Amino acid sequence: MTKKHVLIGVCGGVSAYKACDLVSKLSKLDYEIKVMMTENATKFVPPLIFESLSHNSVEVDLFDPNNQDPITHITLAHWADCVVLVPATANVIAKVVHGLADDLLTSTFLACTCKKIICPAMNTHMYENQVTQDNLARARQLGYQVFEPVVGHLACDDTGKGKLPDVQDIVEVINQAFAMPLMLKGKKVLITAGPTQEPLDPVRFLSNHSSGKQGYAIGEAAYQMGAQVTIVSGPTSLKASQGIQVIPVQTAQEMFEAVKENYQSADFIIMAAAVADYRPEVVAENKIKKSDENLTIHMVKNPDILAYVGEHKTHQIICGFAMETQDLDENAKAKCIKKNCDILIGNNLFTKGAGFQGDTNVVSLVTQESIQHWPKQTKAELGKKILQAMIEIEKRQ
Ligand code: PMT
């Protein structure tokens with residue numbers, strides 16, 4: 001088997017020495033490693049160390065007179081299957097998210113079309129500075145994976161977030177990057193996410209607490225696994241990576257129309273949205289005025305989007321969700337069967353770390369025959385696991 005090519009970009013930060021350990025560890029696995037460095041990085045670690053550890057020459061200078069290749073940055077970019085900036089300094093992050101290419105490392109990064117991973121490490125105030133946070137948000141938007149630093153005592157004597165994670169954890173992230181993309185290549189994944197808003201009058205609506213985080217996390221995981229992803233999204237402040245198609249909707253009826261237009265060509269359908277079961281029968285044309293009387297609103301049923309897709313499914317693998325406050329497993333199983341899902345993810349609002357808005361979830365994975373209880377995990381991690389479970393089901397069909 002040919003080895004995967006990992007290009008490590010070392011920037012000028014104190015933790016540059018840890019990149020030596022990373023290169024050493026990766027070289028012992030099934031990877032071929034090349035290293036590029038910024039000028040500043042060479043002041044922390046001499047290139048010779050990386051040459052010895054990677055068994056390859058190290059590139060620093062775009063115009064190195066000893067280099068026979070006049071376009072090293074393009075050659076390196078073509079060669080790489082994955083590029084990892086470690087440590088990524090505030091300066092280099094700022095440059096790469098704005099397309100600046102004023103040295104070999106940033107030019108190569110710009111030319112790379114492969115998977116990109118950024119491992120920031122810096123002083124905690126530099127990390128927390130809004131400018132750096134905005135740049136990291138942009139990196140995520142561009143589809144780069146940001147492996148966040150950890151909290152610790154930093155070389156500058158400050159304590160806080162900014163420390164490079166354990167090198168072994170970075171190795172795991174790189175392993176994952178290679179494990180994931182291939183699994184959904186050529187597949188279409190349709191996801192519903194977020195709340196719906198059901199208008200009452202021009203200034204009011206009925207809604208729920210869904211933030212969209214769970215649905216978007218599944219979308220990001222599917223995108224990283226190489227799928228063509230469409231998210232039909234209720235109102236949310238979240239932004240999906242470039243490359244993910246987002247169809248914004250407000251009401252359950254609008255979500256239904258968007259799903260009807262897209263479900264037939266999808267291979268995997270995941271319904272994580274919290275859809276209003278009912279809507280006001282009449283939407284008042286003008287603001288409803290306060291009076292001395294109580295107000296009664298007559299509600300009518302919304303279409304059940306998941307049930308529709310379950311009924312009309314042909315080849316698709318379908319995952320529903322269930323938000324419960326009691327009898328989670330029984331209710332989730334009943335929904336799984338009634339709505340003809342292949343799997344259903346049940347979460348209980350009253351379980352700590354589960355449900356709306358947080359970054360974690362605690363769920364039961366229910367099929368028509370079985371129930372598994374999964375421990376608390378991040379919504380991102382859960383996203384991957386749901387997709388893996390669906391891929392397994394597809395393989396068995
Ligand atoms: O968005 P977050 O803040 O990250 O929160 C995540 C979540 C709690 C919203 C998510 O984990 C979740 O549980 N989503 C489903 C919420 C829900 O509405 O559950 P339900 O039991 O009412 O609906 C069952 C299933 O039918 C769901 O897949 C739902 O999308 C679907 N449904 C429901 C009603 C309807 N009219 N149409 C539907 O398609």
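In listed order, ligands and their atoms are each counted from 1. For clarity, every value in this text was computed on a predicted model and none was experimentally measured. Residue numbers count from 1 along this sequence.
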* **Atoms in ligand 1 flagged as close to Gln357, the criterion being non-hydrogen separation under 4.0 Å** => 2 (P), 3 (O)

* **Any side-chain donor near an acceptor of the partner, Thr132 and Asn135, under 3.5 Å** => no

* **atom 13 (O) of ligand 1: nearest protein contact (heavy atom, Å)** => Asn347 ND2, 2.9 Å

* **Sub-4.5 Å side-chain heavy-atom contact between Met271 and Ile305** => yes

* Asked: For ligand 1, which atoms have a heavy atom of Pro303 less than 4.0 angstrom away?
  -> 35 (C), 36 (N), 37 (N)

* Minimum side-chain heavy-atom gap Phe256-Val275 below 4.5 Å -> no

* Shortest protein heavy-atom distance from atom 25 (C) of ligand 1, along with the residue and atom involved -> Phe321 O, 2.9 Å

* Structure fact -> Near Ala272 (heavy-atom distance under 4.0 Å), the atoms of ligand 1 are 9 (C), 10 (C), 12 (C), 14 (N), 15 (C)

* Donor on one side chain, acceptor on other, Glu257 and Gln253, under 3.5 Å -> yes

* Structure fact -> The protein heavy atom nearest to atom 2 (P) of ligand 1 is Ser211 OG, 3.4 Å

* To do: Could you state whether Ile8 and Tyr31 fall into the same hydrophobic cluster, counting links through intermediate Ile, Leu, Val, Met, Phe, Trp or Tyr residues with side-chain heavy atoms under 4.5 angstrom apart?
  => yes

* Taking atom types as modelled, find out whether Lys115 and Gln145 have a side-chain donor-acceptor pair closer than 3.5 angstrom. => yes

* Give the residue and atom name of whichever protein heavy atom lies nearest to atom 30 (O) of ligand 1, and the separation in Å to one decimal. => Ala273 O, 2.7 Å

* Proximal ligand 1 atoms for Lys379, defined as those under 4.0 Å from one of its heavy atoms -> 2 (P), 3 (O), 4 (O), 5 (O)

* Close-contact set for ligand 1 against Leu306 heavy atoms, below 4.0 Å -> 25 (C), 26 (O), 28 (O), 31 (C), 38 (C), 39 (O)

* Is ligand 1 less than 4.0 angstrom away from at least one heavy atom of Gly355? -> yes

* Considering only protein heavy atoms, which is closest to atom 34 (C) of ligand 1, and at what distance to one decimal place? -> Asp277 OD1, 3.2 Å

* Asked: Any side-chain donor paired with an acceptor under 3.5 Å for Ser370 and Gln372?
  -> no

* Mind checking whether Glu59 and Leu76 have side chains closer than 4.5 Å, heavy atoms only? -> yes

* Structure fact -> When distances are taken from atom 19 (O) of ligand 1, the protein heavy atom at minimum range is Met323 N, 3.2 Å

* Structure fact -> Counting from 1 in the order shown, the ligand 1 atoms closer than 4.0 Å to a non-hydrogen atom of Asn361 are 11 (O)

* Proximal ligand 1 atoms for Lys339, defined as those under 4.0 Å from one of its heavy atoms -> 24 (C), 25 (C), 26 (O), 33 (C)

* Numbering as shown, the atoms of ligand 1 that approach Gly212 to under 4.0 Å (heavy-atom distance) -> 1 (O), 2 (P), 3 (O)

* Protein contact to atom 22 (O) of ligand 1 [nearest heavy atom, distance to 0.1 Å] -> Lys335 NZ, 4.2 Å

* **ligand 1 N/O within reach of Ile305 N/O, cut-off under 3.5 Å** => yes

* **Exercise: identify the closest heavy-atom pair between Thr106 and Leu100** => CB-O, 3.4 Å

* Starting from atom 28 (O) of ligand 1, locate the nearest protein heavy atom and write down its residue, its atom name and how far away it is, to 0.1 Å. => Met271 O, 2.7 Å

* Side-chain donor-acceptor contact under 3.5 Å, Asn262 with Thr230 -> no

* Residue pair Asp158 / Thr124, side-chain donor-acceptor N/O under 3.5 Å -> no

